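Since we're looking at a predicted model, the values are computed, not measured. We're numbering straight along the sequence, starting at 1. In what follows, every heavy atom counts, from backbone to side chain, and hydrogens, waters and symmetry copies are set aside.
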Amino acid sequence: MAHALRERLGPLERSRLSASAVKTLWADEDAGAKPPTVVGLDEADAVAYRTDRIAEAGTLVERDRAVRELTAAAERLHPDSEGRGVLRWCQAAGHLVERPADRVPALQRYAVAAYFAGDFRTARTIAESILRDRPDIVGRLELQETATLFTVATANDLDWRALSRLATEQWWDELRLPVLAAVTGRALALCLLARWREALDLLVRTEPVWNTDVRAAANPGGFRAAAELALGRPERFRRSLALPEAPHIGPDHAYTLTVAKFDELLNGGDLHAGEALLAAQGLAPQLLPRHSQFLRHHLRGEWDEALEPARWMLANNGIHTAAIDHYVVPARTAAILLARGRVTSARRLIDSVRAEGEGPPEYSLDAGEAELLRTLGDPAGAEKTLRRGLEAAEAHGQIAGTDELWASLAELLADSGRTAEAMTCLERLERISHRAGSGRTRLRYLTASARVLRPDSPVTAGENAREAVVLARSRSQPFETAVTLVAAVATGGGPPALLREAYELFGQSCAVLERFHTRAALRAAGITVPGRKQATVESEQLLATLIAEGLTNRQIATVLRLTEDAVANRLSRLFARTGLRSRTEVVTAVLTGSASGRAALGRFRRPPRRSDQGGQEHDHETGSGACSPR
């Protein structure tokens with residue numbers, strides 16, 4: 001009833017109505033009355049409903065009391081993963097505050113809320129205005145946090161030219177800020193530009209400035225650990241995972257540091273350590289920001305769930321993370337699209353997020369593009385892209401994250417018969433694996449070495465492949481495990497029966513292109529493919545998706561590793577079974593996702609997930625999810 005009434009009123013009338021409600025509630029509370037129960041809403045939604053009325057009332061109610069309640073609600077529901085309105089409340093509080101001494105902290109809260117809501121331009125504008133116009137009102141630690149927010153918001157706003165200016169001493173000197181804020185902002189700008197050696201040199205030289213107490217050292221100490229990690233020295237970062245400063249820096253700051261370390265761990269493929277960090281800090285996964293949720297779902301093989309935040313981030317230009325690999329979200333989103341047959345969509349995504357000018361190295365995008373080119377039968381283009389990524393990383397002194405490039409290049413060279421060059425790449429990859437000491441780099445070395453050593457040292461190759469299988473299973477990442485199992489069979493490190501397990505794991509993520517190749521391997525090994533009818537539907541759906549992606553018959557043949565005649569025959573059977581008469585009708589059925597189109601093309605059902613602790617199996621139909629042709 002209240003909603004219907006408000007919708008029929010103009011803005012002023014709605015403000016008056018909300019003001020009447022708020023004044024009544026406050027009068028009852030002042031008289032000691034019990035707050036009314038809001039039927040049908042949980043506690044958080046009830047808080048949000050009441051706070052929305054205060055924000056809507058604006059200046060028609062007591063300002064100071066309204067600001068207190070708006071601020072308290074924003075702090076209570078931070079980081080607002082459900083989008084209940086923290087940004088709106090902080091904005092309202094900023095408009096209501098009149099005293100300058102109170103207005104600046106209110107604006108700081110508004111800037112933080114804008115950042116977490118993905119409104120980087122607003123966060124950047126407010127933070128810069130505080131740094132330029134009101135540094136005298138804010139304490140040194142608050143200025144340090146504002147400088148950090150301003151710098152990271154500039155990076156997320158994709159203004160690399162401005163970020164390059166923030167990496168200079170001159171820019172910060174002009175603001176006449178305390179040295180602590182200037183050093184912190186500049187060091188972060190250098191890190192975000194992947195100028196790791198410069199960042200580390202600055203932080204080492206200025207340690208007496210920032211390492212004065214726990215709170216002042218929290219951010220610069222994190223930047224130093226990240227710089228050393230990028231340069232191949234992970235020891236300080238690993239020690240920092242205990243978050244010894246957390247009890248002293250406040251819950252909001254501790255949350256931000258936890259998220260940053262979680263992102264870095266998952267950027268490095270360490271899902272177990274990331275989830276252990278969340279458990280140790282008592283942070284529920286649903287409270288993570290969108291980019292962190294994407295990384296978690298991706299590694300867990302929950303790709304439908306991963307694509308939801310990815311779509312939002314891409315639509316709102318919020319695809320960068322503060323991790324060493326700034327492009328990990330679009331790169332892994334492109335990998336999901338490729339594994340699902342969305343070849344052209346993956347290529348367009350990679351092209352759309354590449355930076356112009358002075359941005360950080362794009363090695364993960366280079367790795368993704370190289371995989372696309374290999375899928376499309378262009379090994380020369382793939383090699384060129386991989387070498388470009390390695391050259392960029394070398395120019396920045398970066399070690400972390402380059403294992404994927406070296407592994408892909410080693411396998412590519414081995415496949416083309418250039419064994420000596422492949423061995424050189426393998427030696428480099430082995431050194432990186434020893435320096436990083438991570439499960440991901442070790443796994444990539446083992447898998448690549450099995451492929452490279454297979455012709456000349458089959459025994460060693462088989463041993464490495466078997467070790468890779470054990471390691472992959474221990475990491476509990478379905479897609480990674482499936483890829484390792486297929487590679488182990490191909491390099492003599494396991495029996496063909498492993499392909500069945502890989503086939504099931506690919507199905508959990510709806511990696512239909514990988515399942516297609518695995519079906520071919522199963523048939524070649526004389527193993528019956530489970531679910532023949534479902535396999536037929538899935539193959540036809542994959543073919544329809546490739547057509548909708550604009551691929552020619554020749555390109556489809558390359559992607560599916562078939563002959564052009566075989567593709568033409570499959571296309572004829574698809575037309576005959578579905579009643580569709582042309583490629584155009586197939587594209588229409590795929591893109592519209594209409595009921596008739598889904599009925600014609602069939603629906604791919606994922607295999608049941610493994611039983612949970614209660615013994616109940618989970619099964620999912622694709623419906624309108626990512627397993628459908630869309």
Side-chain angles (χ1 to χ4, degrees), residues 299-301 303 335-336 338-341 371 374-375 407-408 411 414-415 443-455 458-543 545-546 557-563 566 570 604-611 617 619-620 627:
L299 293 186
R300 288 167 61 92
W303 284 4
I336 292 175
L338 177 61
R340 290 182 166 181
E371 186 62 28
R374 291 179 69 181
T375 301
S408 296
E411 293 173 3
D415 290 344
L443 181 61
R444 284 184 174 152
Y445 167 73
L446 291 170
T447 305
S449 65
R451 178 85 64 88
V452 174
L453 299 175
R454 170 74 170 161
V459 174
T460 303
E463 291 174 351
N464 287 354
R466 285 188 287 275
E467 183 182 343
V469 169
V470 174
L471 177 57
R473 284 174 171 161
S474 71
R475 286 165 54 78
S476 306
Q477 298 176 29
F479 186 79
E480 178 187 80
T481 303
V483 170
T484 305
L485 293 172
V486 171
V489 174
T491 54
L498 291 179
L499 294 173
R500 275 184 171 272
E501 182 183 349
Y503 188 70
E504 177 187 348
L505 291 172
F506 283 136
Q508 289 183 17
S509 300
C510 298
V512 290
L513 181 56
E514 304 298 337
R515 274 170 66 90
F516 183 90
H517 294 320
T518 308
R519 273 198 298 276
L522 283 167
R523 294 190 183 104
I527 300 174
T528 303
V529 177
R532 180 177 179 181
K533 182 177 180 180
Q534 178 182 329
T536 300
V537 170
E538 184 182 336
S539 294
E540 289 183 346
Q541 189 184 80
L542 174 59
L543 178 60
T545 299
L546 293 171
T558 301
V559 170
L560 297 182
R561 302 171 192 167
L562 300 172
T563 64
R570 286 172 179 267
F604 165 52
R605 289 176 60 87
R606 282 187 287 190
R609 291 185 180 178
R610 295 180 179 177
S611 300
E617 288 190 337
D619 192 15
H620 301 270
C627 290

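Interatomic distance, Q541 CD to L546 CG, rounded to the nearest 0.5 Å: 11.0 Å. To the nearest 0.5 angstrom, L338 atom CG is 7.0 Å from E514 atom CD. Here L471 contributes atom CG and R444 contributes atom CZ; the two are 12.0 Å apart, rounded to the nearest 0.5 Å. Annotation: the span from T481 atom OG1 to L498 atom CG amounts to 11.5 Å, rounded to 0.5 Å. Taken from CD1 in I527 to CG in L499, the straight-line distance is 5.5 Å, to the nearest 0.5 Å. To the nearest 0.5 Å, atoms CD (E480) and CG (L443) are separated by 5.0 Å.
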### Query
Should L560 and L513 be marked as a side chain to side chain contact (heavy atoms under 4.5 Å, CB included) after you check the CA-CA gap, both sets of side-chain angles, and the distance that decides it?
CA-CA 8 Å; L560 297 182; L513 181 56; 3.9 Å; yes
### Intermediate values then yes/no, side chain to side chain contact (heavy atoms under 4.5 Å, CB included), E467 and V470
CA-CA 5 Å; E467 183 182 343; V470 174; 5.7 Å; no
### Message
Pair R451, D415 - check side chain to side chain contact (heavy atoms under 4.5 Å, CB included), show working.
### Response
CA-CA 9 Å; R451 178 85 64 88; D415 290 344; 3.3 Å; yes
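Counting heavy atoms from C-beta on, the side chains of E411 and T447 come closer than 4.5 Å. Put simply, the side chain of F479 does not reach to within 4.5 Å of the side chain of I336, judged on heavy atoms. Counting heavy atoms from C-beta outward, V469 and L485 have side chains that approach closer than 4.5 Å. Looking at F516 and L562, their side chains come closer than 4.5 Å, going by heavy atoms from C-beta outward. Counting only heavy atoms from C-beta outward, the side chains of T528 and R500 approach each other to under 4.5 Å.
The two atoms that bring G301 and P478 nearest to each other are N-CD, 4.0 Å, heavy atoms only. The two residues V486 and A502 make their nearest non-hydrogen contact at CG2-CB, 3.8 Å. Across all non-hydrogen atoms, the minimal contact from L446 to S449 is O-OG, 2.9 Å. Minimum interatomic distance between R374 and S408 (heavy atoms only, all atoms of both residues): NH1-O, 3.7 Å. Scanning both residues, A488 and A465, for their nearest heavy atoms gives CA-CB, 4.0 Å. When every heavy atom of V452 is checked against every heavy atom of A414, the shortest pair comes out as CG2-CB, 3.9 Å.
Of the N and O atoms on the side chains of R519 and S539, at least one donor lies less than 3.5 Å from an acceptor on the other residue.
The closest donor-acceptor contact from the side chain of R340 to the backbone of S509 lies under 3.5 Å.
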